[in-house]
Each structure stands twice: as structure tokens, then as C-alpha cells.
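Proteins come first, then strands; the chains are lettered A, B, ... in the order of their sequence lines, and each starts at number 1.
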Protein chains: 2
Amino acid sequence: MSVSFEVTRARPGVSGGKYPADCPTRVVLNHVTSRWGVLILLALEQGSRRWGELHREIEGISEKMLASTLRTFEADGIVHREAQPTIPPRVDYSLTPRGQEIAARLLPLMDWITDNADDIVSGR
Amino acid sequence: MSVSFEVTRARPGVSGGKYPADCPTRVVLNHVTSRWGVLILLALEQGSRRWGELHREIEGISEKMLASTLRTFEADGIVHREAQPTIPPRVDYSLTPRGQEIAARLLPLMDWITDNADDIVSGR
DNA sequence: CTGAATCCCATTCGATACTG
DNA sequence: CAGTATCGAATGGGATTCAG
């Protein structure tokens with residue numbers, strides 16, 4: 001299969017490389033690290049969530065940003081959306097396998113931040 | 001009314017927790033995942049860099065954002081700034097131990113993104 | 001209940017020009 | 001070289017309204 005290019009810049013992984021502006025990497029990175037992206041992924045990492053649950057759990061997010069971030073992730077194949085055509089409607093969001101891989105790599109970061117945020121913010 | 005939450009601590013790491021809007025965690029998370037934060041940290045993870053090197057290596061970043069992101073990280077104790085009072089001036093940036101801990105947790109994420117970005121963006 | 005659509009303001013971001 | 005100053009543009013995000 002012609003091997004996805006080492007072109008993506010003959011680099012040994014990210015380490016050692018540059019960060020071309022036009023790289024798909026940038027797009028995905030921006031989605032994941034978007035203002036609410038990490039929080040949504042971490043919430044879903046703990047299991048499927050309904051719209052309202054996400055809205056409540058992620059304090060401060062507006063309906064607009066929750067909707068648009070979820071749609072972006074759905075298009076990326078990171079989040080799965082399952083709507084039940086009932087009344088009232090019920091929609092569940094969950095991570096796809098791909099989303100789970102990302103979330104798994106986000107957990108160590110968040111745990112570290114959780115442990116150190118107080119010190120950092122208070123200038124220690 | 002104080003209410004200094006031990007709440008923030010009462011949880012078993014992030015896993016299982018909520019994400020209070022006023023939590024220092026949010027502040028740090030927003031710094032790290034700011035538009036250029038991750039790229040700067042990963043560039044510095046490979047070693048000390050001069051201003052101009054960072055500017056060249058991180059394609060697309062404006063001088064303004066490079067300056068302000070670096071200052072934020074410096075205030076957080078994540079990046080160390082060392083200026084030599086020479087002419088022309090020379091300023092080196094490097095990760096503090098704290099910054100290295102963060103960067104170490106960013107590498108697995110970036111490596112995964114590097115490996116999968118093409119598929120995601122092209123809709124596979 | 002789960003959104004989509006619209007309006008509008010605040011903040012962020014980027015390009016350019018300028019300085020020690 | 002390493003920034004700062006400024007300004008206009010883009011984006012984020014709140015509030016409200018509407019719909020299935």
C-alpha cells in the first residue's frame with residue numbers, strides 16, 4: 001500500500017520533527033485541543049453520556065459550543081452519536097475506538113494537571 | 001464563604017470526576033491546550049530554543065502569539081527564559097522540570113495524532 | 001429533551017510596523 | 001535579534017427563539 005509517506009516528513013515520530021502549517025496533524029490537534037474538546041473527550045471516556053448529562057457535567061459550556069464540538073468530533077470519527085426517535089428525544093454520545101485511543105492519551109495529562117494546577121496557579 | 005473545595009481533591013483523579021468551571025485545573029488546561037501551547041511545548045521538549053528558532057520551527061505562529069504564549073508559560077513556571085544582555089540580544093527558552101513533565105505527557109498524544117491525522121481528515 | 005438558527009458582543013488572533 | 005504597539009479580522013460564546 002504504497003506506505004503512507006515518510007513524506008509526512010521523514011521524521012522519527014514527532015520527536016525531532018517540525019510542524020508544517022498545512023499538515024493534517026494541525027487540524028486534528030486543533031480539534032482535540034479546542035476550548036472544550038478535552039473536557040468532552042474526558043467526560044465520554046467514562047462512558048456514554050446523554051446531551052443533557054454532558055451539558056451539566058461540563059460546567060460553563062454553552063449549548064452552541066457543545067453542539068458544534070460534538071459535531072466536529074462526530075465528523076472526525078472520534079465520537080459516536082446515537083439518536084433514538086422517541087418523544088421526548090434521547091441522544092447518547094460515546095467514544096469510537098479512535099476516540100478511546102485519544103482519550104487514553106489525554107488521561108495522564110489531565111491527572112498531572114489535576115495534581116499540579118493549584119501550585120501553578122498560585123505561583124508555586 | 002470560602003468554600004475552599006476539598007472537593008477539588010476529593011475525587012479519585014480525573015477519572016470519575018466533574019469539571020468545575022472555577023477550578024484551577026481549567027486555567028492550566030486552557031494554557032496548555034491554547035492554540036499554540038502544545039506546539040511550543042513539544043518544540044522545547046527537544047531542547048532549548050532561541051526566539052527565532054521557535055518562530056521558524058512553529059510555522060504559522062505570529063510574533064504576538066509566540067510572545068504571549070511564552071510569557072504565560074513563564075508565569076506558570078513551565079518555561080524558563082534566559083536572556084543574555086548582549087548586542088544583538090539572545091534569548092533562550094527551555095522547559096522547566098514542570099514543563100518537562102507536561103511535555104512527556106503530550107508526546108504520546110502527538111505521536112498518535114501524527115499517525116492518524118491523515119485518516120481522520122480524509123474521512124477514513 | 002435535544003437540538004438548530006440567529007443576533008450580537010467580547011475576546012482572541014494575526015499582519016504589519018516600529019524599537020532597543 | 002527579540003520583542004512591543006496597534007488595529008482590523010476572525011472566532012468564541014451568551015442569549016434568545018424556534019422546532020421536532
Trainee: Please check the phosphate of dC13(C) (OP1 and OP2 only) for any side-chain N or O of Trp36(B) closer than 4.0 Å.
Mentor: no
Trainee: Where is the tightest heavy-atom contact between Leu39(A) and Arg26(B), given as atom of each residue plus distance?
Mentor: CD1-NE, 3.2 Å
Trainee: If I take atom CG in residue Leu70(B) and atom C1' in nucleotide dT4(D), what distance separates them, rounded to the nearest angstrom?
Mentor: 14 Å
Trainee: With respect to the phosphate group of dC1(D), does any side-chain polar atom (N or O) of Tyr93(B) fall under 4.0 Å of OP1 or OP2?
Mentor: no
Trainee: Need to verify one output field. Residue with the more 5' nearest nucleotide on DNA chain D, Pro88(A) or Ser34(A)?
Mentor: Ser34(A)
Trainee: Let's test your reading of the model: under 3.5 Å, does the base of dA5(C) pair with the side chain of Glu63(A) as donor and acceptor?
Mentor: no
Trainee: Please tell me which of the listed nucleotides, dC13(C), dG3(C), dG20(D), lies nearest to the side chain of Met65(B)?
Mentor: dC13(C)
Trainee: Tell me, yes or no, whether the heavy-atom count around Gln84(B) atom CD, taken from other residues, nucleotides or ligands under 6.0 Å, exceeds 12.
Mentor: yes
Trainee: Ser62(A) or Arg50(B): which one's nearest nucleotide on DNA chain D is closer to the 5' end?
Mentor: Arg50(B)
Trainee: Any luck finding a side-chain donor-acceptor pair between Arg98(A) and Thr96(A) under 3.5 Å?
Mentor: no
Trainee: Side chain of Trp51(A), heavy atoms from C-beta onward: which of dG3(C), dG12(D), dG3(D) has the nearest atom to it?
Mentor: dG3(C)
Trainee: Counting side-chain heavy atoms from CB outward, which of dC13(C), dG13(D), dG3(D) is closest to Lys64(A)?
Mentor: dG13(D)
Trainee: Of the nucleotides dG3(C), dT4(D), dC7(D), which one has an atom closest to the side chain of Arg71(B)?
Mentor: dT4(D)
Trainee: Any donor and acceptor pair, going by atom type alone, linking the side chain of Arg81(A) with main-chain N or O of Leu70(A) inside 3.5 Å?
Mentor: no
